[in-house]
Amino acid sequence: MTSGSILVTGGLGFIGSHTVLVLLENGYSVGIVDNLHNASEVALVRLKELAGAAADKVTFVKGDLCDPDAIEQLFINNNFSAVIHFAGLKAVGESVAKPLFYYHNNISGTVNLLAAMDRHGVRNLVFSSSATVYGQPKTVPATEDFPTGAANPYGRTKLFIEEICKDVHTANQEWRIILLRYFNPVGAHPSGRMGEDPKGIPNNLMPFVQQVAVGRREQLTVYGNDYPTKDGTGVRDYIHVVDLAEGHLAALRKLEATPGLGCIPINLGTGRGTSVLEMVAAFEKAAGKKIPYKLAARRPGDSAEVFASTTLADKELGWKARLTVEDMCRDQWKWASENPNGYGDQGAQD
Ligand code: NAD
Ligand code: UD1
């Protein structure tokens, strides 16, 4: 890897793969580390195909952040200028059933990473946090100074890692850290070659809708239609994964340009709220087919309405989401219809 390349942990996952592509398109060299727990090497093949001439600027190492020696080796072998840290487990239900697995993977993995970064003097970090740290916000839009909390072990890993980052910065102010709090990432690359490919039963709305659309699941369950919202269903801030990827480029440029930046949280959302039934209708329109659904009780821990304040992202990063719910559904349908089993049944030569 050439001098000043960017280490992207979890870079073959959903958001990571789209971000790596944007970095390559903008002239960066990228090193990916991923243990493939929730990713496929087919994503690397697709990524390279989309990157064209820039494909030789990306390298991949299969490795686990929980293995300190493997991480140390990465920093010995490469000259990184910054790290974008996506690697982590993200299924809320699983985190309730297996809290220690989540604390070990997400928190110990991050501590290993930060320690290696510190030893090697690489003190520029963009971290994947989540709107989940707002818990159930009392009002919307959610601004970065809202009180934080967590309703489950997954959320607590995000919250604890944010606190760890703040402590690391307090101890040495050379660190520049941006904690990106994502709202609801959906969509896929417009080429239809990269998208989300969750293993098991999807927890989140749009991966589930996508699997119903391609016939992998019979019907969607809509959790709650008695919320105080426009149509009674939950309202969220869905953001196209390509916009989100561009938000990471903006954050990286901000780190590069700002000595003394500190450790700051920034929301990445659109500032618009869309209900479950509005998302289903938009997806039906994009796919040209009905998504069968049944109404059920509220899902425990869910908020009625959550959407982002985008003021800080605009001010600090000069970044705004551009793409609409229609764009998200069109691109997600293209991905789903052309890859009904995700990266699943295709060999790495594809
Ligand atoms: P993803 O599961 O597609 O990507 C995470 C990647 O990290 C996977 O490729 C996985 O194999 C890898 N990984 C996990 N543990 C690892 C370890 N110990 N060592 C090396 N690699 C490891 O998830 P995503 O949707 O791309 O999310 C990326 C990050 O953004 C995660 O930290 C997630 O918590 C956070 N986030 C996601 C959402 C969302 O809805 N997708 C929302 C808010 C925050
Ligand atoms: C969920 C997680 C949150 C995590 C985020 C992104 C919970 C309580 N919260 O948030 O911690 O950061 O995903 O990974 O799990 N819905 C249905 N049917 C479904 C799935 C979802 O009706 O099968 C509804 C939900 O009730 C909600 C909306 O769709 O109103 C969006 O749900 P989801 O995609 O899971 O995202 P969040 O609830 O925002």
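As the structure lists them, so they are numbered: ligands from 1, and atoms in each ligand from 1.
By the 3.5 Å distance cut-off applied to N or O atoms, Ser129 is not counted among the residues near ligand 1. Residue contacts with ligand 1: Phe14 is placed with a nitrogen or oxygen under 3.5 Å of a nitrogen or oxygen of the ligand (distance criterion only). When only interatomic distances are considered, the shortest N/O to N/O separation between His37 and ligand 1 falls below 3.5 Å. In terms of polar-atom proximity, defined here as any N/O pair under 3.5 Å, Phe86 does make such a contact with ligand 1. Residue-to-ligand polar distances keep Asn204 apart from ligand 1: every N/O pair is separated by 3.5 Å or more. In terms of N/O distances under 3.5 Å, ligand 1 is not approached by Glu196. Of the N or O atoms in Ile15, one or more lie within a sub-3.5 Å distance of an N or O in ligand 1. Inclusion of Ser130 in the set of residues having an N or O under 3.5 Å from an N or O of ligand 1 is not warranted. Close N/O approach between Leu65 and ligand 1 is found [any backbone or side-chain N/O within under 3.5 Å].
In terms of protein heavy atoms, atom 36 (O) of ligand 2 is closest to Asn184 ND2, 3.1 Å. Protein heavy atom at the shortest distance from atom 30 (O) of ligand 2 is Gly234 CA, 3.6 Å. In this structure, atom 32 (O) of ligand 2 lies nearest to the protein heavy atom Arg299 NH2, 3.5 Å. Nearest to atom 12 (O) of ligand 2 among the protein's heavy atoms is Ser130 OG, 3.1 Å. At the shortest separation from atom 2 (C) of ligand 2 among protein heavy atoms lies Val92 CG2, 3.6 Å. For atom 4 (C) of ligand 2, the nearest protein heavy atom (residue, atom name, distance) is Tyr154 CE2, 4.1 Å. Among all non-hydrogen protein atoms, the one lying nearest atom 8 (C) of ligand 2 is Asp302 OD1, 3.3 Å. Protein heavy atom at the shortest distance from atom 24 (C) of ligand 2 is Val276 CG2, 3.7 Å. Protein heavy atom nearest atom 2 (O) of ligand 1, with residue, atom name and distance: Asn38 ND2, 2.7 Å.
Between Tyr182 and Phe86, the ring planes are tilted. Angles from 30° to 60° get that label.
In this structure, Arg181 does not pair ionically with Glu144, as no charged nitrogen and carboxylate oxygen lie closer than 4.0 Å. Under the 4.0 Å criterion applied to side-chain N and carboxylate O atoms, Lys166 and Glu163 are assigned as salt-bridge partners. The residues Glu196 and Lys90 are annotated as salt-bridged, a charged nitrogen and a carboxylate oxygen being separated by less than 4.0 angstrom. The pair Lys254-Glu316 counts as a salt bridge, with a side-chain nitrogen and a carboxylate oxygen less than 4.0 angstrom apart. Taking 4.0 Å as the cut-off between side-chain N and carboxylate O, Lys158 and Glu162 do not count as a salt-bridged pair. Ionic pairing of Arg322 and Glu246 is present here: one or more N-O contacts between side-chain nitrogen and carboxylate oxygen are shorter than 4.0 angstrom. Between Asp327 and Arg330, at least one side-chain nitrogen of the basic residue sits less than 4.0 Å from a carboxylate oxygen of the acidic one, meeting the salt-bridge criterion. Taking the charged nitrogens against the carboxylate oxygens, Arg176 and Glu256 have no contact shorter than 4.0 Å, which rules out a salt bridge. The residues Asp118 and Arg123 are annotated as salt-bridged, a charged nitrogen and a carboxylate oxygen being separated by less than 4.0 angstrom. Comment: Glu326 does not engage Lys285 in a salt bridge, judged by the lack of any side-chain N to carboxylate O separation of less than 4.0 angstrom.
Counting the atoms of ligand 1 from 1 in the order shown, those under 4.0 Å from a heavy atom of Gly63 are 19 (N), 20 (C). Near Val222, meaning under 4.0 Å from any of its heavy atoms, are these atoms of ligand 2: 22 (O). Of all atoms in ligand 1, listed by their number and element, those nearer than 4.0 Å to a heavy atom of Leu36 are 11 (O). Annotation for ligand 1: atoms under 4.0 Å from non-hydrogen atoms of Tyr154 are 33 (C), 34 (O), 36 (N), 43 (C), 44 (C). The ligand atoms of ligand 1 that sit less than 4.0 angstrom from a heavy atom of Ser128 are 29 (C), 30 (O), 32 (O), 35 (C).
Neither the backbone nor the side chain of Asn106 comes within 4.0 Å of ligand 1, counting heavy atoms alone. Residue-level proximity to ligand 2 for Thr221 is carried by the backbone, the only part with a heavy atom below 4.0 angstrom. Heavy atoms from both the backbone and the side chain of Leu205 come within less than 4.0 Å of ligand 2. Under 4.0 Å from ligand 2, the heavy atoms of Leu220 that appear belong solely to its side chain.
Under the 6.0 Å cut-off for aromatic ring centres, Phe183 and Phe307 do not qualify, their centroids lying 6.0 Å or more apart.
Residue Leu252 comes nearest to Ala82 through the heavy atom pair CD1-CB, 3.7 Å, listed as atom of the first residue, atom of the second, then distance. Annotation for Pro137 and Gly135: closest pair CD-O, 3.1 Å, computed over non-hydrogen atoms. Across Leu12 and Phe60, no two heavy atoms sit closer than the pair CD1-CE1, 3.7 Å. When all heavy atoms of Thr143 and Ser309 are compared, the closest pair comes out as CG2-CB, 3.5 Å.
Taking the centre and axis of the six-membered ring of Tyr227, the NZ or CZ atom of Arg298 falls inside the cone set by 45° and 6.0 Å.
Nearest to atom 22 (O) of ligand 2 by heavy atom, out of Tyr223, Tyr134, Tyr227, is Tyr223. Nearest-heavy-atom check against atom 13 (O) of ligand 2 across Asn204, Thr132, Val133, Asp237 picks out Asn204. Of the options Asp34, Asn184, Ile161, Val241, the smallest heavy-atom separation from atom 12 (C) of ligand 1 is shown by Asp34. Nearest-heavy-atom check against atom 16 (C) of ligand 1 across Thr132, Asn35, Leu244 picks out Asn35.
For Ala131, the heavy-atom gap to ligand 1 stays at 4.0 angstrom or more. Ligand 1 is approached by Lys158 to a heavy-atom distance shorter than 4.0 Å. Using a 4.0 Å heavy-atom cutoff, Gly155 is absent from the residues neighbouring ligand 2. Under the 4.0 angstrom criterion for non-hydrogen atoms, Gly109 is not in contact with ligand 1. The shell of residues lying under 4.0 angstrom from ligand 2, judged by heavy atoms, includes Arg236. A heavy-atom separation below 4.0 Å is found between Tyr238 and ligand 2.
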Query - Test log, rule side chain to side chain donor-acceptor pair (under 3.5 Å), inputs His85 and Ser128 - result: CA-CA 6 Å; His85 176 32; Ser128 296; over 6 Å; no
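The environment of OH in Tyr103 is crowded: more than 12 heavy-atom neighbours from other residues, nucleotides or ligands sit within 6.0 Å.
The CD1 atom of Ile32 lies 11.0 Å from the OG atom of Ser5; values are rounded to the nearest 0.5 Å.
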